[in-house]
Protein chains: 4
Amino acid sequence: MAPHSAPDSSRRSERSRVAILTAARELVTELGYTRLTIEAIAARAGVGKQTIYRWWPSKGAVVFDSILTLSEGPDGEGVELPDTGDLEADLKTVLRATAAEFADPAFEAPIRALNTEIINDPALAETYREKLERPMTEAKKRRLRSAKRAGQLAADADLDLVLDLLYAPLTQRWLLRSGPLDEAFADALVEATLRAFGR
Amino acid sequence: MAPHSAPDSSRRSERSRVAILTAARELVTELGYTRLTIEAIAARAGVGKQTIYRWWPSKGAVVFDSILTLSEGPDGEGVELPDTGDLEADLKTVLRATAAEFADPAFEAPIRALNTEIINDPALAETYREKLERPMTEAKKRRLRSAKRAGQLAADADLDLVLDLLYAPLTQRWLLRSGPLDEAFADALVEATLRAFGR
Amino acid sequence: MAPHSAPDSSRRSERSRVAILTAARELVTELGYTRLTIEAIAARAGVGKQTIYRWWPSKGAVVFDSILTLSEGPDGEGVELPDTGDLEADLKTVLRATAAEFADPAFEAPIRALNTEIINDPALAETYREKLERPMTEAKKRRLRSAKRAGQLAADADLDLVLDLLYAPLTQRWLLRSGPLDEAFADALVEATLRAFGR
Amino acid sequence: MAPHSAPDSSRRSERSRVAILTAARELVTELGYTRLTIEAIAARAGVGKQTIYRWWPSKGAVVFDSILTLSEGPDGEGVELPDTGDLEADLKTVLRATAAEFADPAFEAPIRALNTEIINDPALAETYREKLERPMTEAKKRRLRSAKRAGQLAADADLDLVLDLLYAPLTQRWLLRSGPLDEAFADALVEATLRAFGR
DNA sequence: GCATAACCGAGACGGTACGTCCAGTCTTTCT
DNA sequence: AGAAAGACTGGACGTACCGTCTCGGTTATGC
C-alpha cells in the first residue's frame, strides 16, 4: 500500500481522512480549484477544520492527496503500457487515450488544480513527480526500452527527451487551450517523434 | 501602439495606470501571484481600490497587463527571429535564449503568475494568445517558412506542430521543474525536431 | 448630546452603530453575557464583524455602550432625585425604586454583564464611573447637601460614605443573591444610615 | 473534613486532584479568570482533560474549589473573631485586615474570578454562600451577639443588616475600584455602623 | 469661464474565508 | 476502571481581502 494512503498515526481517524479526500475531490470538480475552500471541504466532510489543518499543510496538499487517491488502483505500482510489438501503434493508442482523458470533465478540474499548485509550489511539484509522474514515466520507459530491443527505436535515443517530445505538446495544448487536442494531433506527435528517433 | 497601453478614456489618469501596473509587477515578483492582493497593489500605487476595479475586471487582468508592458518595446509588432541562413544554428540561438529567460528571476514570478491565470481562465487565455503569443508565433513561422524556401525544412511540415515540438518541452520542464533547462537540452530539441522535419 | 452617542467619524455609519448596539442589548438579555458572541451581534445587526472591531476594542465595550444608550434619555445629564423636604421619605422612595429596578428582568442581564466586565477590566471600570456612575452620584449628593442645609443630615457627614452605606448593601445583595431585596430592606438601610448621620 | 476536598471515589487519584487545584490557582493568578482555560489547567497539572471533566462540571467549579483550598486550614469550621471586650476596636481590626487582604495580589485575581462566577451562576453562588460565606458570617454574628450581651450593640439590631453595612461598602469599593480602601475607610465604616446600632 | 460630470484618493461597509484556540466528547493505551 | 494522551466535531475568535459604496477634492471639457 502506498504510504500516503495510510494514516500517519495510529490515532488518526480513517473515516475522517477518507471523507475529507472525497469531499475535496467532489468540490474541486464542482467549483474549480480557486473557489474551493477549506471550510467547504470540512463542512461537506462533516469534519472540524482543525482536523484538516492537523494533517495537511495547505489546500493544495489536500487536493493533491485527493487526486492521488483517484489514480490509485488496488496496486498503485502496476501501471503498464500496451506492447503489441508495434511501437507506433501502441504509442498512438496511449496518446489518444491521454488526449481523451484530458477532455473528460471529471478529470479536467482536478488536473488543472493540480497543475496550478505545482507551478507555484516547488515542494508539491517534487511530491507530484515522486508519487504520480515517476511510476508513469517508468512504465513508458519500459515500453521504449522494449522498442529499442526490437529495433524500432534508435539505441542511443534519450528516453526523457523522447517522452518530452511526445507528451509536452499534448499537455501544453490542453493547459493553455492553444490548439485542438484530437487524434490527428496525437498521431502526428507519434509520427514526428518516431521520425526523429526511429530506426 | 497596443490598445491596452492607451487610456481607455481621455479622463483616465495615466499616472495612476502606470503606478498600478508598476506596483503589480513589483508585488508579483516579491510575493508571488497567490499572495498578491488588490489592496496591496492599490496601497503601493497610492491609488484607491476603485480605480483598479474601474479599469480591470480581475487581479489576473491587472497582472496580465503588467506583464504585457514588460514585453513591449517601442514597437510591439516588430519581433523578428535571426535568419543567418542556417536554420539549426538560428533555432539553437533562440531556444537557448528562451531557456535563459526562464531562469531570470525577474521573469520567473510574473510568468508563473501568468500561466497560473491562463490555465484557469479561458478568457484570459484567449487574450494571452492574441496579444502575446501570436506575434511571437508569427515571427517564428516567418523564420520557418524562410527555411522551407531554403530547403532546410520539409515543404509539407505542419508549422504549428514543429513549434510545439520545439517549445512545449521547454516550457513544460520549466513550469513543472521536471528536468534541467540547459543549452544541451535546447540543442537536443532542435536536433530532434529537424530530424523529424528536416530536408 | 453625549459624545459617546455621536459617530467617532463623519464616515461612520449611524445605521450600523445603532443596529449593533440594539442587537447587543437584545442578545445580552436573551443569552447572558458569557454566551453572547461578537459573531451573533454582527449577524443580528446585519453587519460585518469588522465593523464592530473597527469601532469597539472588545465585547465588553460594545455591551457597555449598549447599556449606556439604555440609561440615556433626551437629556443625559438632567438626573435629579426627589426633594420633598423629607429626606428619609425621599431616600426610601429612591432605594425602593432601585431595588425594583434590580428585579426587572430587562435590566438584570445587561447589568450583571456590566458588573462582570467592570470587575475584570479596570479601564472599563473607569469609563463606567465617568459615564454612568458620576452623574447619578452627583444627583444623590445634591439631594444630601440639600438635606444638610435643612438640618436633616449632620453637616460634617462624608457624603461618599453615606452613599456607600445606602447603596453598597443593596447592590451586594443583588449581585451575590445573598438575601431578600424588598422594601423592608430598603427602608432599614435608610433608617440605619440616618441614625448614623442624621440630626 | 469538607466533602469537596475528599476523593469522591476510592478510585480517584488524589495526586491529580491536588495538581489540578494547584494549577488552577496559579493560572487564575497569572492570567485572570477569563483567559484561564481548562486545557491550560490540564497541561500545567500534567493531567488529561477528561480527568477534569470527570470530577468538575465547569471551569467555575474548578476555580471555586481551588479557592476553597486556599481558605481552609486544618479545621475549616474554627474561624473566630477577636473578642477583647471592645467591639469597636475589634471590628476595626477585622475590617482593616479584610481591606489589607483585598490588596494582596495573591488574593486579588482568584477572588475577582470567584465574584465573576458568582454573579452569573446562581448555583455556584449558593455553594459559595454555603461553603465559604456562612462560616465567616456565623463567626461574625457570634462576635456581635457577644457585643449585645455586653451592651455595646442594640439588643434589637438586625445582625444581617449590621454585617451588610460593615462589609458591603468595603467589597463594593474593591470590586468596582470606586474609591480608596484604606484604614480610615474601614474605621469610618465601623464608627458609622455603631452610631446606627450602638448603645 | 464656469458648471458639471467623470475621475480620483480614501476608506467604511457587508461579507467570506482564513488559520487558531478552546470546549466538551470520544478513543486508545497504559497502569 | 481510572488516568494520560490526544484526536475528534464544533464554534467563536480576530484578521485579511473581497468587491461595492459613499465621501470630498480635483480636473477638463463643453455649454
Side-chain angles (χ1 to χ4, degrees), chain A residues 7-17 19 35-43 45-55 57-59, chain B residues 7-17 19 35-43 45-59, chain C residues 7-17 19 35-43 45-55 57-59, chain D residues 7 9-13 15-17 19-20 35-43 45-55 57-59:
Chain A
D8 299 354
S9 149
S10 60
R11 311 277 259 187
R12 182 167 185 182
S13 161
E14 180 65 7
R15 159 190 294 273
S16 295
R17 208 194 107 255
R35 273 171 302 171
L36 174 69
T37 65
I38 298 269
E39 296 217 316
I41 297 174
V47 137
K49 281 199 290 177
Q50 198 58 52
T51 302
I52 299 181
Y53 286 110
R54 186 153 34 226
W55 301 109
S58 66
K59 182 175 80 165
Chain B
D8 296 355
S9 149
S10 56
R11 305 284 237 176
R12 182 167 184 182
S13 160
E14 180 64 9
R15 160 190 290 273
S16 295
R17 208 195 108 256
R35 274 174 301 173
L36 174 69
T37 65
I38 298 271
E39 296 218 317
I41 296 174
V47 135
K49 283 200 290 177
Q50 198 56 249
T51 302
I52 299 181
Y53 285 110
R54 187 153 31 227
W55 302 109
W56 288 273
S58 67
K59 182 175 82 164
Chain C
D8 298 354
S9 149
S10 60
R11 312 276 262 182
R12 184 167 184 182
S13 160
E14 180 65 8
R15 159 189 292 273
S16 295
R17 208 194 107 257
R35 272 174 301 172
L36 174 67
T37 65
I38 298 271
E39 295 217 317
I41 297 174
V47 137
K49 280 200 288 179
Q50 199 56 53
T51 301
I52 299 181
Y53 286 111
R54 187 152 33 227
W55 302 109
S58 66
K59 183 174 82 165
Chain D
S9 150
S10 58
R11 304 286 233 171
R12 181 168 186 182
S13 159
R15 160 191 291 273
S16 295
R17 209 195 106 257
I20 288 164
R35 274 174 301 172
L36 174 69
T37 65
I38 297 272
E39 297 218 317
I41 296 173
V47 136
K49 283 200 291 176
Q50 199 55 250
T51 303
I52 298 181
Y53 285 111
R54 191 154 26 231
W55 301 109
S58 67
K59 182 174 83 164

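Lettering follows sequence order; numbering is per chain, from 1.
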Enter the distance from I38(C):CD1 to Q50(C):CD here, rounded to the nearest 0.5 Å. 11.0 Å

Which parts of nucleotides 21-31 of chain E does protein reach within less than 4.0 Å, heavy atoms only, written one letter per nucleotide 5' to 3' as B for base, S for sugar-phosphate only and - for none? BSBBBB-B---

To the nearest 0.5 Å, tell me how far L36(B) CG sits from I41(B) CD1. 4.0 Å

Round to the nearest Å and state the distance from R54(C) atom CZ to dC17(F) atom C1'. 12 Å

Please report, rounded to the nearest Å, how far the P atom of dA7(F) is from the CD1 atom of I52(A). 16 Å

Measuring only between side-chain heavy atoms, which start at C-beta, is T51(B) closer than 4.5 Å to R54(B)? yes

How about CZ on R15(D), more than 12 heavy atoms from neighbouring residues, nucleotides or ligands closer than 6.0 Å, or not? no

Give the rounded distance in Å between these two atoms: CD1 of I41(B) and P of dG19(F). 11 Å

Of all residues at least two apart in sequence or in a different chain, which pass the salt bridge (Lys or Arg N to Asp or Glu O under 4.0 Å) check with K59(C)? none

Phosphate OP1/OP2 of dC7(E): any S13(B) side-chain N/O under 4.0 Å: no

OP1, OP2 of dC7(E) versus side-chain N and O of S16(B): anything below 4.0 Å? no

Do R17(A) and W55(A) come within less than 4.5 Å of each other through their side chains, counting heavy atoms only? no

Between W55(A) and dC8(F), is there a contact of a side-chain N or O with OP1 or OP2 at under 4.0 Å? yes

